Amino acid sequence: MPIVQTAAPAVEPVTRAEAKVFLRLDSDLTADDSLIDTLIEAARRYGESYCNRSFIQQSWRLVLDAFPCQPWGIRLERGPVSAVTTVKYLDMGGTLQTMPSTDYATDLVAPEPRITPVFGKIWPIALPQIGAVQVDYVAGYGAAAANVPAGIKSWMLMRVATLYRNREEVAILGRGKVDPLPFVDALLDPYRVVQA
């Protein structure tokens, strides 16, 4: 079941100005601005992948080969999900149909949001071929950086600082030993969705 991002976030959870304050850089210096922007995006992408969540509002498409037989319905990854935009399927004639929103129910509050047919309805019969069902939805804590939890933003700032100060994959030191701080990634634990 492939999932494809159809619209990227419009903003990042952490601004360049916030990152510069955290890095203790002069805000007037612009030489590293593009690097800092890249590091912010890299930190967000890593955090989203680690947590299996979307931090800032973005659009996703889940593609299935058929509607599920399981009673729990269709599970939506990369939550929190704020809206299901459309549920489409190829009918037996090969025509793409849009399922009326009154024919399915959504549980968007659960850690793994899901869609099921409403009481008294069943999933429509889809053409038995790969990619016959598409679910488009919007996920993320919100459209603005202010909607992202503080723990995620703190983690991102620490990750950006680490990437900024250690630009190589490994560090070779003449003396001493560098140990990771295990609590840093633990900042993401309350937001992480682990799939069984």
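Please read all numbers here as calculations on a predicted model, not as lab measurements.
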ask   = Without hydrogens or angle criteria, can the side chains of Trp60 and Ser54 be said to hold a donor-acceptor pair below 3.5 Å?
value = yes

Among the clusters formed by ILVMFWY side chains lying less than 4.5 Å apart, do [X] and [Y] turn up in the same one?
X	Y	answer
Val138	Phe55	no
Met99	Ile125	no
Tyr46	Val11	yes

Over all heavy atoms of both residues, which pair between [X] and [Y] is shortest? Give the atoms and the distance, please.
X	Y	result
Pro13	Lys153	O-CE, 3.1 Å
Val14	Ile40	O-CG2, 3.5 Å
Asp65	Ala132	O-CB, 3.6 Å
Gln58	Gln5	OE1-NE2, 2.6 Å
Val148	Ile56	CG2-CD1, 3.5 Å
Trp72	Thr116	O-CG2, 3.5 Å

Working to the nearest 0.5 Å, report the span between [atom1] of [X] and [atom2] of [Y].
X	Y	atom1	atom2	answer
Asn147	Ser82	CG	OG	10.0 Å
Lys88	Thr98	NZ	OG1	4.5 Å
Leu90	Gln134	CG	CD	7.5 Å
Leu127	Gln97	CG	CD	11.5 Å
Leu163	Leu23	CG	CG	10.0 Å
Phe22	Ser154	CZ	OG	7.5 Å

Can you tell me if [X] uses its side chain to pair, donor with acceptor, with the backbone of [Y] under 3.5 Å?
X	Y	value
Arg75	Ile115	no
Gln57	Ala139	no
Asp32	Ile36	no
Thr162	Met158	yes
Asp136	Thr86	no
Arg192	Tyr50	yes
Glu18	Thr15	yes
Tyr137	Glu77	yes

query = side chain to side chain contact (heavy atoms under 4.5 Å, CB included) between Val63 and Arg61: does it pass, once the steps are laid out?
reply = CA-CA 6 Å; Val63 180; Arg61 173 173 291 152; 3.9 Å; yes

request  = May I have the step-by-step check of side chain to side chain contact (heavy atoms under 4.5 Å, CB included) for Arg78 and Ile3, ending in yes or no?
outcome  = CA-CA 9 Å; Arg78 303 297 226 162; Ile3 182 170; 3.9 Å; yes

Do [X] and [Y] have side chains that approach each other closer than 4.5 Å (heavy atoms only, starting at C-beta)?
X	Y	value
Val135	Thr85	no
Leu64	Ile74	yes
Ile152	Leu188	yes

inquiry  = One thing to verify: whether Arg44 and Glu12 come together as a salt bridge, which I'm taking to mean a side-chain N less than 4.0 angstrom from a carboxylate O.
reply    = yes

query = Is the count of non-hydrogen atoms from other residues, nucleotides or ligands lying under 6.0 Å from Leu96 atom CG greater than 12?
reply = yes

ask   = Should we count CG of Leu29 as having more than 12 external heavy atoms under 6.0 Å?
value = yes

ask   = What do the steps show when you test Tyr89 against Asp91 for side chain to side chain contact (heavy atoms under 4.5 Å, CB included), and what is the final call?
value = CA-CA 6 Å; Tyr89 65 97; Asp91 65 14; 4.1 Å; yes

ask   = Can you name the side-chain hydrogen bond (donor to acceptor under 3.5 Å, both in side chains) partners of Thr30, sequence neighbours left out?
value = none

note = Residues passing the side-chain hydrogen bond (donor to acceptor under 3.5 Å, both in side chains) test with Arg16, sequence neighbours excluded, are Asp33, Asp37

request  = Any chance you could lay out the side chain to side chain contact (heavy atoms under 4.5 Å, CB included) test for Phe67 and Val87, step after step, and finish with the verdict?
outcome  = CA-CA 10 Å; Phe67 286 105; Val87 177; 3.9 Å; yes

